[in-house]
Amino acid sequence: MPGATPDVDENGDPVDNGVRIDMISGARMEGLTSMEKIRLILDGVRDGNIVILEEGLSPDEESKLIEVTMTEISPDDFTGIEIETYPKPDANSQSFLDKLMGRESTQKLTVIGPANRIETLHKDENLISTLVSRK
């Protein structure tokens, strides 16, 4: 809410009253380089947020995200990420040219969150379900 002041503790620091979910549209990600996408995702997750991408990453970008995550893990600060991807119903409707050229569709929903806050992450053919702790 614009103009709303966050709850603060006795030191004036913001109080964490819940889990923040960043839902990032495909349009927002469209103009970014692979490393900019990875940085946007990791910065959000490092802050303890759950990041949901309307359109998933390419297989190369997902691999790079995992690689960069592994270099940033530290026991006291950042324990890593949990990532789950869910194909949208139209993900199988790739164009003939995409199939011929071996291009994978990025039309999929991706959920990424801090490994130390995701208690359960379940995926079946119709559902991604997670239980998120408050820290």
Side-chain angles (χ1 to χ4, degrees):
M1 225 180 341
T5 52
D7 292 335
V8 293
D9 63 15
E10 63 278 353
N11 298 322
D13 296 323
V15 175
D16 181 10
N17 286 327
V19 176
R20 181 171 148 191
I21 299 174
D22 295 334
M23 294 181 239
I24 304 174
S25 71
R28 169 73 170 98
M29 298 291 273
E30 190 175 301
L32 301 178
T33 66
S34 292
M35 282 311 295
E36 288 171 330
K37 291 176 187 177
I38 290 166
R39 204 62 271 153
L40 177 68
I41 293 165
L42 279 180
D43 288 349
V45 173
R46 284 184 71 104
D47 288 343
N49 305 330
I50 305 299
V51 176
I52 299 176
L53 305 177
E54 176 185 27
E55 295 180 11
L57 301 171
S58 72
D60 289 341
E61 290 170 334
E62 236 177 81
S63 294
K64 189 66 176 171
L65 172 62
I66 293 167
E67 182 183 322
V68 171
T69 299
M70 297 305 283
T71 66
E72 294 188 11
I73 289 177
S74 69
D76 298 330
D77 182 40
F78 182 58
T79 59
I81 64 172
E82 291 286 341
I83 182 170
E84 196 63 60
T85 300
Y86 184 78
K88 289 186 178 178
D90 58 47
N92 294 329
S93 62
Q94 286 179 283
S95 72
F96 175 74
L97 185 58
D98 284 344
K99 288 179 184 177
L100 185 65
M101 300 299 288
R103 291 186 220 148
E104 186 170 323
S105 172
T106 59
Q107 292 294 314
K108 53 193 172 188
L109 181 73
T110 302
V111 179
I112 307 161
N116 65 340
R117 294 189 67 188
I118 304 280
E119 298 293 330
T120 304
L121 193 58
H122 168 76
K123 176 183 146 182
D124 66 28
E125 58 189 54
N126 295 313
L127 173 74
I128 293 177
S129 178
T130 186
L131 175 62
V132 182
S133 68
R134 286 189 173 202
K135 286 188 184 181

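Along the sequence shown, residues carry numbers from 1. These numbers come from the heavy atoms of this one structure, side chains and all, not from hydrogens, waters or symmetry mates.
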Just wondering, do Arg28 and Leu40 contact through their side chains at under 4.5 Å, heavy atoms?
-> yes
Ile41 vs Leu57 side-chain heavy atoms within contact, under 4.5 Å = yes
Qualifying residues under salt bridge (Lys or Arg N to Asp or Glu O under 4.0 Å), relative to Glu30, sequence neighbours excluded = none
Testing Asn49, Val51, Ile52 for side-chain contact (heavy atoms from CB on, under 4.5 Å) with Ile21, which one passes?
-> Ile52
Value rounded to 0.5 Å, distance of [atom1] in [X] from [atom2] in [Y]:
X      : Y      : atom1 : atom2 : result
Ile112 : Ile118 : CD1   : CD1   : 10.5 Å
Leu65  : Leu42  : CG    : CG    : 5.0 Å
Leu53  : Leu109 : CG    : CG    : 8.0 Å

Are Glu54 and Ser25 close enough that a side-chain donor and a side-chain acceptor fall under 3.5 Å?
-> no
Please identify each residue that fulfils side chain to side chain contact (heavy atoms under 4.5 Å, CB included) with [X], with sequence neighbours left out.
X     : answer
Thr79 : Ala115, Asn116
Thr33 : Met35, Glu36
Asp77 : Arg46, Ser74
Ile66 : Met70

Does CZ in Arg39 sit with more than 12 non-hydrogen atoms of other residues, nucleotides or ligands closer than 6.0 Å?
-> yes
Which is it for Lys37 and Glu61 under the side chain to side chain contact (heavy atoms under 4.5 Å, CB included) test, yes or no, and what are the steps along the way?
-> CA-CA 8 Å; Lys37 291 176 187 177; Glu61 290 170 334; 3.1 Å; yes
Apply side chain to side chain donor-acceptor pair (under 3.5 Å) to Ser63 and list each qualifying residue two or more places apart in sequence or on a separate chain.
-> none
Is there a donor-acceptor pair closer than 3.5 Å between any side-chain N or O of Glu84 and the backbone N or O of Val111?
-> no
Pair Glu67 + Lys64: basic N to acidic O under 4.0 Å | yes
